[in-house]
2 protein chains.
Amino acid sequence: MDAVDREIIGHLMRDGRATYAEIGAGVGLSAPAVKRRVDQMRLRGQITGFTALTDPAALGWSTEAYVEIYYDGNVSAAELKRSLEAIPQIVGAWTVAGNADAIVHVMATSMTEIEQVVERMREHAKVERTRSAIVMSRLFERPRSR
Amino acid sequence: MDAVDREIIGHLMRDGRATYAEIGAGVGLSAPAVKRRVDQMRLRGQITGFTALTDPAALGWSTEAYVEIYYDGNVSAAELKRSLEAIPQIVGAWTVAGNADAIVHVMATSMTEIEQVVERMREHAKVERTRSAIVMSRLFERPRSR
DNA sequence: GCTGAAAACACATCCTT
DNA sequence: AAGGATGTGTTTTCAGC
């Protein structure tokens, strides 16, 4: 993991379908050399995959929310992951230190659907309360590298 | 935008570097037909790009936080975007309805760096207060399609 | 949306430093 | 160990249908 690897990652984050020759031209390496480095970074788990970026609104996901969950007593991270991952509208979840115990990111097609998801989360026995923030506008979201 | 387009998006989200032939085999189309649909979806802004997925921890981004911002008076979304986008550790920002006015997602290499980012956000004249949640563990995060 | 041909690319092998 | 060059098979891409 040196400066060249980071340059390659930066290039792949800006264009995940860039050809190895194209990346090589940017970092001063041949295409096979770039591929070898990418393969190694995947093997080491630094690059975990490639994906298409979509505009949620253009695909019908018009409503988005961040919901904090406050639990009553201790809940293991594994249990949290299991119960939250089962709800398809939850696209991300993190345990946090601060006021709440966990934050989940919900994407849905309507406000009604958001409400249903929150209801479903509250079914978990140990959920004491939730606190929602409905997203009005996404200012920006960018890939990050180092 | 029909069912086939959605299948193609799903495939590209699972593997952003999949070949058109490969996708075509899955959806029952030839490679050129798949490419035409992908090009159209990019043109229509439904697919906004392709990127590499990385493991933040493996790249040195060991510390992560969600910070709510409460503003004193009105701040335009454009002004928010301008001031927040200038801070590189902020990887996402949304205006919200709920308790806070905005939520920002911060990724950094250390707790100290998180503190510095929060300090820098508070320099904005109209920031009344902030409320941080430090991420302890990322339970999951998944791409979403429809 | 398919077919077919030309160009570009990926991938493996070998060779150099 | 790490990169460059070469050859082969695939993939992309642009016609024409």
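Just so we're on the same page: letters track the sequence lines, and every chain starts at 1.
- Using a cut-off of 4.0 Å between Lys/Arg side-chain N and Asp/Glu carboxylate O, A:Lys126 and A:Asp101 are scored as not salt-bridged.
- Here the side chain of B:Thr109 pairs no donor or acceptor atom with the backbone of B:Trp61 at under 3.5 angstrom.
- Projected onto DNA chain D by closest heavy-atom contact, B:Arg17 and A:Val4 fall at different nucleotides, the more 5' of which corresponds to A:Val4.
- Rounded to an integer number of Å, the gap from A:Glu22 CD to D:dT12 P is 14 Å.
- In this structure, CG of A:Asp5 is placed 12 Å from C1' of D:dA2, rounded to the nearest angstrom.
- Under a 3.5 Å cut-off, the side chain of B:Thr95 and the backbone N or O of A:Ser137 do form a donor-acceptor pair.
- At whole-Å resolution of the value, OH in A:Tyr20 and C1' in D:dT6 are 19 Å apart.
- Not a single donor-acceptor pair under 3.5 Å links the side chain of B:Thr48 to the backbone N or O of A:Asp55.
- In terms of modelled atom types and a separation under 3.5 Å, the side chain of B:Arg129 and the main chain of B:Arg122 share no donor-acceptor contact.
- When the C1' atoms of four end pairs are superposed on the next four at each end of the helix from C:dG1-D:dC17 to C:dT17-D:dA1, using five pairs per end, the two resulting axes differ in direction by 30°, to 10°.
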Quiz: residues 65-75 of chain A side-chain donor-acceptor pairs under 3.5 angstrom, not counting sequence neighbours:
residue : atom : partner  : partner atom : Å
A:Tyr66 : OH   : A:His105 : ND1          : 3.4
A:Glu68 : OE1  : A:Tyr70  : OH           : 2.9
A:Glu68 : OE1  : A:Arg131 : NH1          : 3.1
A:Glu68 : OE1  : B:Arg131 : NH2          : 3.2
A:Glu68 : OE2  : A:Arg131 : NH1          : 3.3
A:Glu68 : OE2  : B:Arg131 : NH1          : 2.8
A:Tyr70 : OH   : B:Arg131 : NH2          : 2.9

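- Side-chain atoms of A:Arg17 never come within 3.5 Å of backbone atoms of B:Gly49 as a donor-acceptor pair (strictly under, hydrogens ignored).
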_Under 4.0 Å protein heavy-atom contact, by nucleotide of nucleotides 1-8 of chain C - B base, S sugar-phosphate only_ = BBB-----
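- No donor-acceptor distance shorter than 3.5 angstrom exists from the side chain of A:Glu22 to the backbone of A:Ala18, with no hydrogens or angles considered.
- An OP1 or OP2 oxygen of C:dC11 is reached within less than 4.0 angstrom by a side-chain nitrogen or oxygen of A:Lys35.
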